[in-house]
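Just so it is clear, the values below take in all heavy atoms, side chains as well, and ignore hydrogens, waters and symmetry mates.
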Amino acid sequence: MHASAVFLIEFGAVILGLGLLGRLAGRFQFSPIPLYLLAGLAFGEGGLLPLGASEEFVATGAEIGVILLLLMLGLEYTATDLVSNLKTQYRSGLVDAVLNALPGAVMALLLGWGPVAAVVLAGVTWISSSGVIAKVLGDLGRLGNRETPVILSILVLEDLAMAVYLPIVTALLAGAGLAAGSLTLAIALGVAGLVLFLAVRYGRHISRFVSSDDPEKLLLVVLGLTLLVAGIAQQLQVSAAVGAFLVGIALSGEVAKGTHHLLSPLRDLFAAVFFVFFGLHTDPASIPPVLLPAMLLAVLTAGTKIATGYWAARQAGISTRGRWRAGGTLVARGEFSIVIAGLAVTAGIEPSLGPLATAYVLILVVLGPLTARWTEPVARQVTTRLAARRESAAAAAVEGGGDGGAAEPREAVDDPDAVGRRS
């Protein structure tokens, strides 16, 4: 059979399957992300029916998917919002780094992998998945919630921190030390700062430049500009996701609204391809030997991410329900964790690090959408039951029954932080 025909058949079957899985998830009001990942496992290395001809195209589509996810998230906020949130949330970024990087480093040392592997695994457990979280926020209709800027600030701080972390890790893996990577680090910081400055200072001019009444021209200009900036950022050791996000915040007003409407279908398509691609490159046979430590690390760092989001939202004055939502949303790990682990695997510092990181990310990328949806309702039920038990115990301790019983625990009917679509 002709190669192009095989490609069309394979890729068409993948897209059709994703559509059916999405409909199935929508029927049960569940995020389709875990189903997309399982589909990737089924068609990847060691899976039921490995893909061949379409794998390279899927890889390119996956990169575009992450870029579009972050672009669309950036369109929700202005440059002024970003700077304000970063100024108020920098302490949350420090708390995030300490609580979530430390478990990975300790695990690597306990396994006897050495300090370099400890630095690598610390990055794997530290960085949340911007791509997964952006998709989850859209699926759950929470882009307009009051806690979402807090989540966004933490994600941006993490992505910007990668501009410092990745060059350092690369130098350590090469055995060159920190001094040898100083030039790369300086370039990365300079590029990230320049792009942020342009977005904040000249955002209105950029919006005027790309503005057009013709949807076709607007789509081509915005998509081309986003891919160009993302590619340049990645070439200069800065995250492509950061570049795409900053393009999004640089656009405002009617341009942002029109772009959001035009790119939503493309985002959904390529985002689904991204999650399939993630599963394609995971051999199911490599997971069982490292499953136990990966599960322990996943449970621990899921808890630390929830604590991070709760603390950050509390500092921002968000209600209790919004704090739990923020924490649960941050649990997912994904693209950055795999990139970091891939550097270590290529350098050959520890054979077991790659499978452990893969199993860890797979667990949390499946668990993340669940914690985003259910952390707040479960926490609310537990809190209500504990309050009821305390009141019952206090009433039983009062001889004669007091005034006839304790008041029922109060629970707010409205959630002031949920200004988006209710989930």
Side-chain angles (χ1 to χ4, degrees), residues 63-89 130-131 133-135 137-138 141-146 148-160 163 188-236 238-271 419-421:
E63 293 185 20
I64 296 175
V66 175
I67 290 171
L68 289 180
L69 283 170
L70 270 295
L71 169 66
M72 299 294 281
L73 193 59
L75 289 173
E76 298 291 331
Y77 303 96
T78 66
T80 304
D81 293 334
L82 174 67
V83 174
S84 176
N85 288 327
L86 291 178
K87 287 180 178 179
T88 58
Q89 293 295 327
S130 300
I133 291 172
K135 185 67 168 61
L137 288 173
R142 294 180 182 174
L143 290 175
N145 282 17
R146 286 190 60 211
T148 299
V150 176
I151 299 170
L152 182 63
S153 297
I154 294 175
L155 294 177
V156 172
L157 285 171
E158 289 179 348
D159 286 345
L160 292 176
L189 291 176
V191 171
L194 176 62
V195 174
L196 180 59
F197 172 79
L198 293 175
V200 173
R201 188 71 179 270
Y202 300 105
R204 288 179 295 179
H205 300 287
I206 296 174
S207 296
R208 190 177 303 121
F209 169 74
V210 303
S211 179
S212 175
D213 294 331
D214 188 336
E216 178 184 351
K217 295 175 182 177
L218 178 62
L219 173 64
L220 292 175
V221 171
V222 173
L223 184 59
L225 178 63
T226 302
L227 295 176
L228 177 63
V229 172
I232 294 174
Q234 185 164 305
Q235 184 67 26
L236 295 174
V238 181
S239 166
V242 172
F245 176 79
L246 293 177
V247 170
I249 66 167
L251 303 179
S252 59
E254 293 300 322
V255 174
K257 293 180 181 178
T259 301
H260 192 283
H261 175 72
L262 290 172
L263 287 178
S264 290
L266 282 178
R267 174 203 58 188
D268 295 338
L269 169 62
F270 286 106
V419 294
R421 177 176 59 83

Please identify each residue that fulfils side chain to side chain contact (heavy atoms under 4.5 Å, CB included) with L228, with sequence neighbours left out.
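Listed in chain order: I232.
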Go through the structure and list residues passing side chain to side chain contact (heavy atoms under 4.5 Å, CB included) with K217, not counting sequence neighbours.
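Result, side chain to side chain contact (heavy atoms under 4.5 Å, CB included) vs K217: S212, D214.
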Return the minimal non-hydrogen interatomic distance between [X] and [Y], and the atom names on each side.
X    : Y    : result
T226 : V222 : OG1-O, 2.7 Å
A134 : L69  : CB-O, 4.1 Å
M72  : R267 : CG-CD, 3.6 Å
L218 : G258 : CD2-C, 4.1 Å
P215 : L262 : O-CD1, 3.4 Å

Separation between [atom1] of [X] and [atom2] of [Y], rounded to the nearest 0.5 Å:
X    : Y    : atom1 : atom2 : result
F270 : L68  : CZ    : CG    : 7.0 Å
L223 : L266 : CG    : CG    : 7.0 Å
L251 : K257 : CG    : NZ    : 14.0 Å

Are the side chain of S264 and the backbone of H260 linked by a donor-acceptor contact shorter than 3.5 Å?
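Judged by distance alone, yes, a pair lies under 3.5 Å.
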Residue list, side-chain hydrogen bond (donor to acceptor under 3.5 Å, both in side chains) with S130, at least two apart or on another chain
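Testing S130 for side-chain hydrogen bond (donor to acceptor under 3.5 Å, both in side chains), a comparison that skips the adjacent residues, returns D159.
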Let me see the working for L137 and L152 under side-chain contact (heavy atoms from CB on, under 4.5 Å), right down to the final yes or no.
CA-CA 10 Å; L137 288 173; L152 182 63; over 6 Å; no
